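Here the structure comes first, spelled out in structure tokens, and everything after it is commentary.
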Amino acid sequence: MLHAPVVGPRPKKRSKPEEAGVSRRQEAKFKDVRIFLVERKMGRSRRSFLTQLARSKGFIVEDALSDTVTHVVSEDSQSSSLWAWLKGRSLTDLSAVKVLDVSWFTDSMREGRPVPVETKHLIQDILPEAPKPAPVNKVSQYACQRRTTTENNNRIFTDAFEVLAEHYEFNDLQGRCLAFRRAASVLKSLPWAVRCVEATQDLPCLGEHTTAIMKEILQHGRSFEVEKILSDERCRTLKLFTSVFGVGPKTAEKWHRRGLRSFSDVLAEPGIQLNRMQQSGFLHYGDISRAVSRAEARAVGNIIDEAVHVITPNAILALTGGFRRGKEFGHDVDFIVTTAELGKEKSLLINIIDILKKQGLLLFSDYQASTFDISKLPSHRFEAMDHFAKCFLILRLEASLVEGGLQRAEGDSRDWRAVRVDLVSPPVDRYAYTLLGWTGSRMFERDLRRFARMERQMLLDNHALYDKTKKEFLTATTEKDIFDHLGLEYIEPWQRNA
Ligand code: UTP
Ligand code: MN
């Protein structure tokens, strides 16, 4: 066979390119066109036939694919496999070669000359898909768009930030306080531990100051700025005083300015009038400053559940707050109690308090009647307290009711402890909003409202969601409805530990 097709290694002995593969019967006419016919799909015999045909018409047809080839002709319509094969041939510059459908070849044979290459002749390389940008899981600046479990991988930083936040709060620098709380919240959401500050450069809510603190901690294992605050007498005293139930930053500040430094100072000070809440706060200080366990929260739940069902069979009771978010310990236990009959919730808390009192379980109760008025909605105040009926209680919890026993201080042999309990009682049609509002965390709630306002022109609080554009309230029977109204992915309660 004349000019057996060779695909692959260059024959050792080669004639000069000008002479290569030219039929002896015909002088090469078109010197700048050097054809290579691809055998794949075409088949050996057809390739041989076409080679002879072309050469007889004065075309140069190369036996091997080399850098001298200008026109590659193929019957392979699968451009991807053809190009993959071509790319494996180690040609110096594949872009200099025209890769053509056999139609160019047959047109040229018919015309007796190489016809100009048109788009229809080209077998184009399917460009590899534009490389997708690496999925940068951008962390949202809104806590309600982050999933934050109770597992905190960056506690060394977030504990430090909390000290600073509190310090600024005591000094009435709310902006700085919020900046540190926001930064802490972002770090809490990370599924990884920060090992160098460079790793945090794409994260939102981290500024110069927060980064400097992180650097300090990474370098020295602690922050000197934080330690200075922790050892600061005023800060320590304010923290001590505000740890008493019923004592806020203002009262603490007032006591400090009077020169009071300890509980005994306060209790011995003649001019000081403690309100009822503060008196109970001091009386039960040891118990209520000690964390409440999940088992204790469950036992409290049983007590409330029993009381509510004495009052109405249509009761609805839900654990909210930190325990609903999956926390193992809390500073109190929060519940929503209501009834399926709208309006019946009005007397519910009063009746529950009554029952608890009769059972001898009520150590303290501060009841606030409802001031809820739908016509006054929505509240424009940020983080405003809600207007539902609620009560702040201190309950006596018997050890026998708690699976695994009580959280007890060392040396404490009592068979009971005091526990802080909050109950809120919204009308049942406000249930979803109340549940979302009381589940927290505070940072999650704050950002839900901020997101609603800034991104959706909506106002959200514990009572309702108002669409300012449509000028209407949006109804919701579940938390999911509210997330849907806001166009947010649903975040499970246990992912709201922002
Ligand atoms: P908590 O202060 O009880 O916090 O308020 P928590 O998340 O349960 O954490 P610990 O473990 O007790 O410390 C629970 C949620 O209830 C809301 C708060 O905003 C918080 O998100 N809340 C509380 C109200 O909306 N109104 C209130 O009057 C009280
Ligand atoms: Mn709570």
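A quick note: this is a predicted structure, and the numbers were derived from the prediction, not measured. Atoms within a ligand are numbered from 1 in the order they appear, just like the ligands themselves.
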(message) Quick test of your reading of the model: are R496 and E479 salt-bridged, counting only N-O distances below 4.0 Å?
(response) yes
(message) Closer than 4.0 angstrom, basic N to acidic O: yes or no for D422 and R420?
(response) yes
(request) Identify, by atom number and element, the atoms of ligand 1 in contact range of K390, meaning under 4.0 Å from any of its heavy atoms. (result) 28 (O)
(request) Check each heavy atom of D332 against ligand 1 and say whether those closer than 4.0 Å belong to the side chain, the backbone, both or neither. (result) both
(request) Could you tell me whether R325 and ligand 1 have an N or O pair separated by under 3.5 Å? (result) yes
(request) Write down the atom of P191, the atom of N153, and the distance for their closest heavy-atom approach. (result) C-ND2, 3.3 Å
(request) Check each atom of ligand 1 against the heavy atoms of K327 and keep those under 4.0 Å away; list them by number with element. (result) 9 (O), 10 (P), 11 (O)
(request) Would you name the heavy atoms of R290 and Q407 that are closest together and state the gap between them? (result) NE-O, 3.0 Å
(request) Considering only NZ, NE, NH1 and NH2 on the basic side and carboxylate oxygens on the acidic side, decide whether K357 and D354 come within less than 4.0 Å. (result) no
(request) Heavy-atom distances under 4.0 Å are what count here, so tell me which part of D422 touches ligand 1: side chain, backbone, both or neither. (result) neither
(message) Checking H331 now: which residues fulfil side-chain contact (heavy atoms from CB on, under 4.5 Å) with it, not counting sequence neighbours?
(response) none
(message) Which of the numbered atoms in ligand 1 are under 4.0 angstrom from any heavy atom belonging to N462?
(response) 24 (C), 25 (O)
(request) Check the angle between the aromatic planes of F372 and F388 and answer parallel, tilted or perpendicular using the 30° and 60° thresholds. (result) tilted
(request) Return the set of protein N, O or S atoms whose distance to the Mn ion (ligand 2) is under 2.8 Å, each given as residue and atom. (result) D332 OD1, D334 OD2
(request) Describe, in one word, how the ring planes of F263 and F241 are oriented to each other, choosing from parallel (under 30°), tilted (30 to 60°) and perpendicular (over 60°). (result) parallel
(message) For the CD atom of Q368 and the NZ atom of K390, what is their distance to the nearest 0.5 Å?
(response) 5.5 Å
(request) Could you list which atoms of ligand 1 come closer than 4.0 Å to a heavy atom of G440? (result) 21 (O)
(message) Please report whether ligand 1 has a polar contact with G321, defined as an N or O pair separated by less than 3.5 Å (distance criterion only).
(response) no
(request) Find all atoms of ligand 1 within a distance of less than 4.0 Å from any non-hydrogen atom belonging to D334, and give their numbers and elements. (result) 3 (O), 8 (O)
(message) For ligand 1 and T439, I'd like to know whether there is a polar contact (N/O to N/O, distance under 3.5 Å).
(response) no
(request) Indicate yes or no: does D172 engage K250 in a salt bridge with an N to O separation below 4.0 Å. (result) no
(request) List every atom of ligand 1 that sits less than 4.0 Å from any heavy atom of G330, numbering the atoms from 1 in the order shown and giving each element. (result) 11 (O)
(request) For ligand 1, indicate whether the residue D386 contacts it via side chain, backbone, both or neither (heavy-atom separation under 4.0 Å). (result) side chain
(request) Could you please spell out the steps behind the side chain to side chain contact (heavy atoms under 4.5 Å, CB included) verdict for F245 and F364? (result) CA-CA 11 Å; F245 178 48; F364 171 83; 3.6 Å; yes
(request) Enumerate the atoms of ligand 1 whose separation from the nearest heavy atom of E445 is less than 4.0 angstrom. (result) 21 (O)
(message) As an exercise, identify every atom of ligand 1 less than 4.0 angstrom from a heavy atom of M385.
(response) 27 (C), 28 (O)
(message) Would H331 count as a polar contact of ligand 1, with the cut-off being nitrogen or oxygen pairs under 3.5 Å?
(response) yes
(message) Tell me if a side-chain donor or acceptor on R417 pairs with a main-chain N or O of D287 at a distance below 3.5 Å.
(response) yes
(request) Please say whether the positively charged group of R396, taken as NZ for Lys or CZ for Arg, lies over the ring of W416, i.e. under 6.0 angstrom from the six-membered ring centre and within 45 degrees of the axis. (result) yes
